[in-house]
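Since the structure comes first, as structure tokens, the remarks are kept for the end.
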Amino acid sequence: EVQLVESGGGLVQAGGSLRLSCAASGFTFDDYAIGWFRQAPGKERERISCISSRSGSTYYRGSVKGRFTISSDNAKNTVYLQMNSLKPEDTAVYYCAAGGWPWSTWPPPDREYDYWGQGTQVTVSS
């Protein structure tokens, strides 16, 4: 059974940090890109970062570049999202998702993500 389990969300003040984890099981980790997405109330879901554990390729959305860092621990089948200098506009439910290789392009488009986690809430207070 494929599972993606996010953890690490919570409430933090603006300027603070959180580290999200996405623990994956049930599929060959190296064959998948792991992406982080978020959705704020009343807004569309947006892709914020992704990583290929096979190649090490990464992607960051412009609004998080320089503040967020994605990394992968292949031994633990876990992807992390270190979020620094958090802003109130980062408040959202954060999801991780897995998309199997081959991808049509890098970063993979949203439609190429096969599996999704249940999400973890991140709230940044001003």
Side-chain angles (χ1 to χ4, degrees):
E1 179 188 5
V2 172
Q3 279 195 316
L4 293 170
V5 180
E6 303 99 333
S7 61
L11 173 64
V12 64
Q13 288 189 328
S17 298
L18 285 173
R19 189 178 80 156
L20 305 183
S21 299
C22 174
S25 61
F27 60 91
T28 305
F29 192 68
D30 286 356
D31 291 341
Y32 281 75
I34 304 295
W36 283 100
F37 298 75
R38 68 186 180 189
Q39 188 165 22
K43 295 189 177 181
E44 290 190 358
R45 185 183 67 200
E46 58 185 23
R47 179 184 55 204
I48 54 174
S49 186
C50 62
I51 188 168
S52 163
S53 59
R54 176 187 294 269
S55 68
S57 298
T58 59
Y59 159 83
Y60 295 97
R61 187 180 189 87
S63 59
V64 306
K65 200 173 291 186
R67 299 189 298 123
F68 291 10
T69 302
I70 193 169
S71 62
S72 176
D73 185 335
N74 293 0
K76 295 183 178 180
N77 284 7
T78 300
V79 170
Y80 303 98
L81 187 69
Q82 178 67 42
M83 306 188 296
N84 298 330
S85 303
L86 283 162
K87 305 175 181 180
E89 50 265 43
D90 294 318
T91 295
V93 178
Y94 283 67
Y95 301 89
C96 67
W101 189 87
W103 315 294
S104 61
T105 186
W106 184 264
D110 292 12
R111 66 179 182 275
E112 294 184 5
Y113 285 87
D114 307 302
Y115 307 111
W116 293 80
Q118 82 290 348
T120 186
Q121 176 70 46
V122 172
T123 304
V124 185
S125 63
S126 57

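Nothing fancy with the numbering, it's 1 onward along the sequence.
- At a threshold of 4.5 Å between side-chain heavy atoms, the hydrophobic network of Ile, Leu, Val, Met, Phe, Trp and Tyr places I51 and Y80 in two separate groups.
- Not one N or O on the side chain of T91 forms a donor-acceptor pair closer than 3.5 Å with the backbone of E89.
- Listed for the W106 side chain is a donor-acceptor partner under 3.5 Å among the backbone atoms of T58.
- Atom OH of Y95 sits about 9.0 Å away from atom CH2 of W116, to the nearest 0.5 Å.
- By the rule that hydrophobic residues join a cluster once side-chain heavy atoms approach within less than 4.5 Å of another member, I70 and I48 end up as members of one cluster.
- Side-chain contact between S49 and L81 is present, with at least one heavy-atom pair separated by less than 4.5 Å.
- Note on ring orientation: taking the six-membered ring where Trp is involved, the planes of Y94 and F68 are tilted (angle from 30° to 60°).
- R67 places a side-chain N or O within donor-acceptor distance of the main-chain N or O of S85, the cut-off being under 3.5 Å.
- Looking at E112 and S104, their side chains do bring a donor and an acceptor atom within 3.5 Å of each other.
- For the side-chain hydrogen bond (donor to acceptor under 3.5 Å, both in side chains) test, no residue two or more places apart in sequence or in another chain qualifies with S7.
- The distance from the SG atom of C50 to the CG atom of D110 is 9.5 Å, given to the nearest 0.5 Å.
- Closest heavy-atom contact between L4 and Q118: O-OE1, 3.5 Å.
- Residue pairs satisfying the salt bridge (charged side-chain N to carboxylate O under 4.0 Å, His left out) criterion with at least one member in residues 8-32, sequence neighbours excluded, are listed as follows: D31-R54.
- Between the side chain of S52 and the main chain of S55, a donor-acceptor pair closer than 3.5 Å is present.
- Of all the heavy atoms in F29 and N74, the pair that sits closest is CE2-OD1, 3.5 Å.
- A distance of 4.0 Å separates CZ of R61 from CD of E46, quoted to the nearest 0.5 Å.
- Other residues, nucleotides and ligands place no more than 12 heavy atoms under 6.0 Å from the CH2 atom of W101.
- Under the 4.5 Å side-chain contact rule for hydrophobic residues, I34 and V122 share a cluster.
- Q121 and T123 share a side-chain donor-acceptor pair at under 3.5 Å.
- Taking each heavy atom of L20 and W36 in turn, the nearest pair found is CB-CH2, 3.6 Å.
- A pairwise comparison of heavy atoms in N84 and S17 identifies OD1-OG, 2.9 Å as the closest pair.
- Atom SG of C96 and atom CZ of R38 lie 15.5 Å apart (nearest 0.5 Å).
- Between A40 and A92, the shortest heavy-atom contact is N-CB, 3.8 Å.
- Note on Y60 and W103: separate hydrophobic clusters, where clusters join Ile, Leu, Val, Met, Phe, Trp and Tyr whose side-chain heavy atoms are under 4.5 Å apart, directly or indirectly.
- Here the shortest heavy-atom pairing between V2 and F27 reads CG1-CD2, 3.6 Å.
- Side-chain atoms of D90 never come within 3.5 Å of backbone atoms of V124 as a donor-acceptor pair (strictly under, hydrogens ignored).
- To the nearest 0.5 Å, atom CD of residue E6 and atom SG of residue C22 are 5.5 Å apart.
- Criterion: ILVMFWY side-chain heavy atoms under 4.5 Å apart, direct or through other members. Under it, V64 and L18 are part of a common hydrophobic cluster.
- Geometrically, R47 engages Y59 in a cation-pi contact defined by less than 6.0 Å to the ring centre and at most 45° from the axis.
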